[in-house]
Protein chains: 2
Amino acid sequence: MSTFATPPIDPMRITFETRVTAPMSPSGPVLTRRMSDLKGLFADTSEWERSLAEDRVVYEVASTPVPEIEGELPQSITTIHPGTVAGEFHMTKGHMHTRPRGEIYLGLSGVGGLLLFDGNRPEWIPMEPGVIGYIPPGWAHRSVNTGDEPYRFLAVYPGDSGHDYDWVLRNGMGYRVFSGPAGTDLRPF
Amino acid sequence: MSTFATPPIDPMRITFETRVTAPMSPSGPVLTRRMSDLKGLFADTSEWERSLAEDRVVYEVASTPVPEIEGELPQSITTIHPGTVAGEFHMTKGHMHTRPRGEIYLGLSGVGGLLLFDGNRPEWIPMEPGVIGYIPPGWAHRSVNTGDEPYRFLAVYPGDSGHDYDWVLRNGMGYRVFSGPAGTDLRPF
């Protein structure tokens, strides 16, 4: 595994496979989140605890070498594997940027959604290949796989955005996203 | 034609067609550059002047409504139509950001290249669908259509980047890009 590059950063050509889980080239850090990394996220705590025996991988984030520093514009590809915990779809931890910085997600494969919350109002953006979800500054964001195959998206964000995961644990995300009889079921909480 | 949205910006779902020239939805400003807008760019001034009778469209830039202000992360899709001026490929004006901000280009359709110049060293990144060209802060950048069909790419850039077009007129871009017998011909200048 390579790491973020050291400034000054040279121009670079970055390729990725849109249809399968493949590394970006050149590749930087890869983050793997297992069920045990997602304490406090799912509504059904008992079912989450039972899942720890297997401790499956819920999602992976593969970054390019572009560093997370002011002025740079890093990118990553997140793959959320399909599944639920007592009907609640697999999701990312979610975070608020520590600085007011916008971000985009671009759907690459599979289907899912982008859940946003500004502390008062939740928003849900259905995602599929070729769709950009725009995250304005000041909105916490989480991604959810609502389908039966891996959901993959490209993220582009300013290098000085920062990640505040505790904000989501304190404030929630406005909705929980469940698999329902009529499809995706958004439940306020 | 709609315009940039007024802050605060709501989260939004943006769709676009990757295979044909189609507007983004929702759409913001659209910029059209004709041959007459590209004075001083092409090496063969006489041939450029003759082209003004027709004054064809060389490229178009369609933006989403996300505004160009600090904190936001605007996007646009550029379509460069195929063609040359005395063998020199159709290209964008090119610019340097007025602040040190990185940018990404993502190839959507057709083939082309991303020409970068930091004032000393030029770099050439061949572009095709699924490739990201990374533009670090401090590098001027220009796009070139090196193929026979429209070359389209998505750009994502911080809203406070700014555009300095005069930098390119003063400093050049290190290379000129011609159609040669063996393909793309990069000529230092």
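Since this is a predicted model, take the numbers as computed values, not measurements. The sequence lines fix the lettering, A, B, ..., with proteins before strands; numbering per chain opens at 1.
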J.: Check whether any side-chain heavy atom of B:Leu52 sits under 4.5 Å from a side-chain heavy atom of B:Met35, and report yes or no.
T.: yes

J.: Any side-chain heavy-atom pair from A:Leu108 and A:Ile77 closer than 4.5 angstrom?
T.: yes

J.: Do A:Phe42 and A:Ser51 come within less than 4.5 Å of each other through their side chains, counting heavy atoms only?
T.: no

J.: Can you confirm whether A:His81 sits close enough to A:Glu60 that some side-chain heavy atom of one is under 4.5 Å from a side-chain heavy atom of the other?
T.: yes

J.: I need the contact set between residues 177-189 of chain A and chain B: heavy-atom distance under 4.5 Å, sorted by residue number.
T.: none

J.: Just by distance, do the side chain of A:Asp166 and the backbone of A:Arg170 share a donor-acceptor pair under 3.5 Å?
T.: no

J.: Go through the steps for A:Ile69 and A:Asp160 under the test side chain to side chain contact (heavy atoms under 4.5 Å, CB included), then give the verdict.
T.: CA-CA 5 Å; A:Ile69 57 173; A:Asp160 64 347; over 6 Å; no

J.: May I ask you to decide if B:Arg34's main-chain N or O and B:Asp37's side chain share a donor-acceptor pair within less than 3.5 Å?
T.: yes

J.: Can you tell me if B:Thr92 uses its side chain to pair, donor with acceptor, with the backbone of B:Ser143 under 3.5 Å?
T.: yes

J.: Non-hydrogen contacts under 4.5 angstrom with chain B: give the residues of residues 94-103 of chain A involved, or none if there are none.
T.: A:Pro100, A:Arg101, A:Gly102, A:Glu103

J.: With chain B as the partner chain, list the residues of residues 111-125 of chain A whose heavy atoms fall under 4.5 Å from it, by residue number, and write 'none' if nothing qualifies.
T.: A:Leu116, A:Arg121, A:Glu123, A:Ile125

J.: Could you check whether any side-chain heavy atom of A:Leu73 comes within less than 4.5 Å of a side-chain heavy atom of A:Val66, counting everything from C-beta outward?
T.: no

J.: If the condition is ring-ring contact (aromatic ring centres under 6.0 Å, His included), which residues does B:Phe153 pass it with, not counting sequence neighbours?
T.: B:Tyr105, B:Tyr151

J.: Tell me, do A:His90 and A:Arg33 make a side-chain contact under 4.5 Å, heavy atoms counted?
T.: no

J.: I'd like to check B:Leu41 versus B:Leu169 (side-chain heavy atoms, cut-off strictly below 4.5 Å). Are they in contact?
T.: yes

J.: If you tally heavy-atom pairs under 4.5 Å against chain B, which of A:His141, A:Gln75, A:Met127, A:Glu128 wins?
T.: A:Gln75

J.: Is any side-chain heavy atom of B:Trp48 less than 4.5 Å from a side-chain heavy atom of B:Ser46?
T.: no

